[in-house]
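The sequence lines fix the lettering, A, B, ..., with proteins before strands; numbering per chain opens at 1. Note that the structure is predicted; figures quoted are calculated from it, not measured.
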Protein chains: 2
Amino acid sequence: MAFTERSAATRTSILTAARKLLVERGFEGMTIRAVAERVGVDPSMVMRYYGSKAGLFSAAVDVDLRLDQVEQRPPLDRLGELLVRHFLARWEGDLSDDVLILLLRSASTNPMAAERMREVFAGQIAAQVARLTGAGDAEHRAGLVSTQLLGLALTRYVLRFPPMVEADTETLVREIGPVVQHYLTGSGITA
Amino acid sequence: MAFTERSAATRTSILTAARKLLVERGFEGMTIRAVAERVGVDPSMVMRYYGSKAGLFSAAVDVDLRLDQVEQRPPLDRLGELLVRHFLARWEGDLSDDVLILLLRSASTNPMAAERMREVFAGQIAAQVARLTGAGDAEHRAGLVSTQLLGLALTRYVLRFPPMVEADTETLVREIGPVVQHYLTGSGITA
DNA sequence: GTCTATAATTCGATAGAC
DNA sequence: GTCTATCGAATTATAGAC
């Protein structure tokens with residue numbers, strides 16, 4: 001193998017291009033050829049570095065939600081607001097390659113992406129909900145939270161519904177935060 | 001042209017098969033060949049009847065949400081519950097070819113599907129919200145409602161998150177209905 | 001109306017020269 | 001490490017026989 005520094009840079013460039021194409025076009029739209037063209041290398045290089053399209057895809061989605069960046073002990077009654085703000089901040093970045101958006105676009109047609117989505121949900125969101133609220137029905141509550149957060153991502157970044165695209169982040173935090181809060185700690189939620 | 005009755009039946013069979021494939025695999029997965037095979041005809045017949053893949057797709061998504069089936073003058077404070085129940089009833093049917101689910105799976109990678117989704121949203125959901133609530137910010141409220149309803153459809157039918165798949169419909173109506181109600185008529189919602 | 005045959009693309013993947 | 005050349009498969013779409 002013996003990759004040079006030059007090739008290491010190419011390697012990460014390929015990964016970045018792959019992520020952007022996944023965000024823009026989904027799994028089928030991220031072709032080996034399109035990735036190579038965007039980076040400015042030969043398609044065979046992409047194969048050499050990542051073995052196959054599946055290998056490239058796996059490498060592209062191997063990131064976590066960084067939910068640990070949410071404070072360790074946040075006030076329980078502001079958890080909903082913090083979650084909405086955290087996800088919006090991730091998605092808004094100029095880096096338009098957030099993993100959740102990318103998975104969202106790929107999961108509709110690619111079983112690997114759907115499975116990875118379920119893992120992220122169960123392993124990260126549900127786990128954090130259980131840790132922070134100590135609720136016994138954490139999985140069910142995390143599921144409800146996911147419907148709202150993924151629904152927001154879907155309409156704002158994938159489907160691009162005008163009212164959701166135009167809304168500023170503070171408005172969304174103020175309006176959707178309480179709903180997430182209700183799913184997390186409200187009464188009347190029973191699995 | 002002069003289609004016989006036999007061919008008219010084939011024509012609708014093709015449309016049904018196309019819808020089911022769109023639900024199962026999304027736009028790229030619905031190939032002319034796969035549709036033809038499922039119906040038991042030659043691929044060229046599909047082309048003959050619908051001209052192109054785009055033509056078949058357009059025909060497959062040309063349906064409405066039947067929101068008129070919601071009562072003309074429902075109690076305003078039960079609107080959220082009614083909406084959630086209405087959509088769940090549509091999606092649960094043995095007809096696993098609901099247009100909204102189908103569009104949801106296709107819109108991630110197909111611009112036509114995304115555009116059709118926006119049209120459905122603006123022309124049907126937002127219009128009904130405006131008619132029923134008379135709110136001036138109906139578009140914004142309808143957008144919020146869409147995040148929750150589409151998020152539910154996404155996690156339950158496309159991503160198949162276990163907690164959302166396992167929940168029975170009455171539980172979902174009871175838990176999500178109030179949220180939709182809040183988006184429709186609650187205070188603190190401002191565009 | 002239904003089918004065969006095939007053109008024209010596009011894709012993932014491999015072999016091998018340099 | 002990087003490239004050319006190419007294979008084999010799948011797809012949309014068309015032409016035309018019957």
Side-chain angles (χ1 to χ4, degrees), chain A residues 1-61 102 105-106 108-113, chain B residues 1-61 102 105-106 108-113:
Chain A
M1 297 292 174
F3 294 119
T4 67
E5 285 162 23
R6 172 79 180 82
S7 74
T10 300
R11 204 181 152 80
T12 61
S13 296
I14 289 173
L15 210 55
T16 302
R19 290 212 181 93
K20 293 197 173 171
L21 278 169
L22 281 169
V23 170
E24 294 168 16
R25 309 185 202 172
F27 185 80
E28 286 84 3
M30 181 207 69
T31 66
I32 300 285
R33 289 167 145 86
V35 170
E37 186 184 18
R38 190 165 291 202
V39 178
V41 300
D42 193 88
S44 63
M45 292 306 301
V46 179
M47 294 295 296
R48 180 173 172 81
Y49 283 132
Y50 291 97
S52 67
K53 177 168 178 172
L56 176 57
F57 179 78
S58 292
V61 300
L102 170 171
R105 231 183 240 277
S106 306
S108 303
T109 51
N110 186 265
M112 275 192 301
Chain B
M1 295 298 169
F3 293 118
T4 67
E5 286 163 22
R6 172 80 180 80
S7 74
T10 301
R11 205 181 152 80
T12 60
S13 296
I14 289 173
L15 211 54
T16 302
R19 290 212 183 93
K20 293 198 173 170
L21 278 168
L22 282 168
V23 170
E24 294 168 17
R25 309 186 201 170
F27 185 82
E28 287 85 2
M30 181 206 70
T31 66
I32 300 285
R33 288 168 142 82
V35 170
E37 186 184 18
R38 190 165 291 201
V39 179
V41 299
D42 193 88
S44 65
M45 291 306 301
V46 179
M47 295 295 295
R48 180 172 171 81
Y49 283 131
Y50 292 97
S52 68
K53 176 168 178 172
L56 177 56
F57 179 79
S58 293
V61 300
L102 168 174
R105 228 182 243 278
S106 306
S108 303
T109 52
N110 185 266
M112 275 192 300

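- Atom OH of B:Y49 is separated from atom C1' of C:dT2 by 9 Å (rounded to the nearest Å).
- Under the 3.5 Å distance criterion, the side-chain polar atoms of B:R11 are matched with a main-chain donor or acceptor of B:Y49.
- The side chain of B:M45 lies closest to C:dT2, out of C:dT2, D:dC3, D:dT2.
- Candidate nucleotides D:dT11, C:dC11, D:dT2 were compared by shortest atom distance to the side chain of A:R48, and D:dT2 ranks first.
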Pull out every protein N or O sitting under 3.5 Å from an N or O of nucleotides 13-18 of chain C, one pair per line with the distance.
unit_1: C:dA13; atom_1: OP2; unit_2: A:K53; atom_2: N; d: 3.0

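- No side-chain donor-acceptor contact under 3.5 Å links B:R25 to the backbone of B:M30.
- Of all heavy-atom pairs between B:M112 and B:A54, the closest is CE-CB, 4.0 Å.
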Under 3.5 Å, which donor-acceptor pairs link side chains of residues 33-42 of chain A to any protein atom two or more places apart or in another chain?
unit_1: A:R38; atom_1: NH1; unit_2: A:E24; atom_2: OE2; d: 3.2
unit_1: A:R38; atom_1: NH2; unit_2: A:E24; atom_2: OE1; d: 3.3
unit_1: A:D42; atom_1: OD2; unit_2: A:S44; atom_2: N; d: 2.9
unit_1: A:D42; atom_1: OD2; unit_2: A:S44; atom_2: OG; d: 2.7

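- Side-chain proximity of B:D42 to the nucleotides D:dT2, C:dG12, C:dT4 is greatest for C:dT4.
- For residues 50-59 of chain A, the set of pairs meeting the side chain to side chain donor-acceptor pair (under 3.5 Å) definition, not counting sequence neighbours, is empty.
- There is a side-chain donor-acceptor pair under 3.5 Å between A:T109 and A:E28.
- Regarding B:E37, its CD atom lies at a distance of 12 Å from the P atom of D:dA10, rounded to whole Å.
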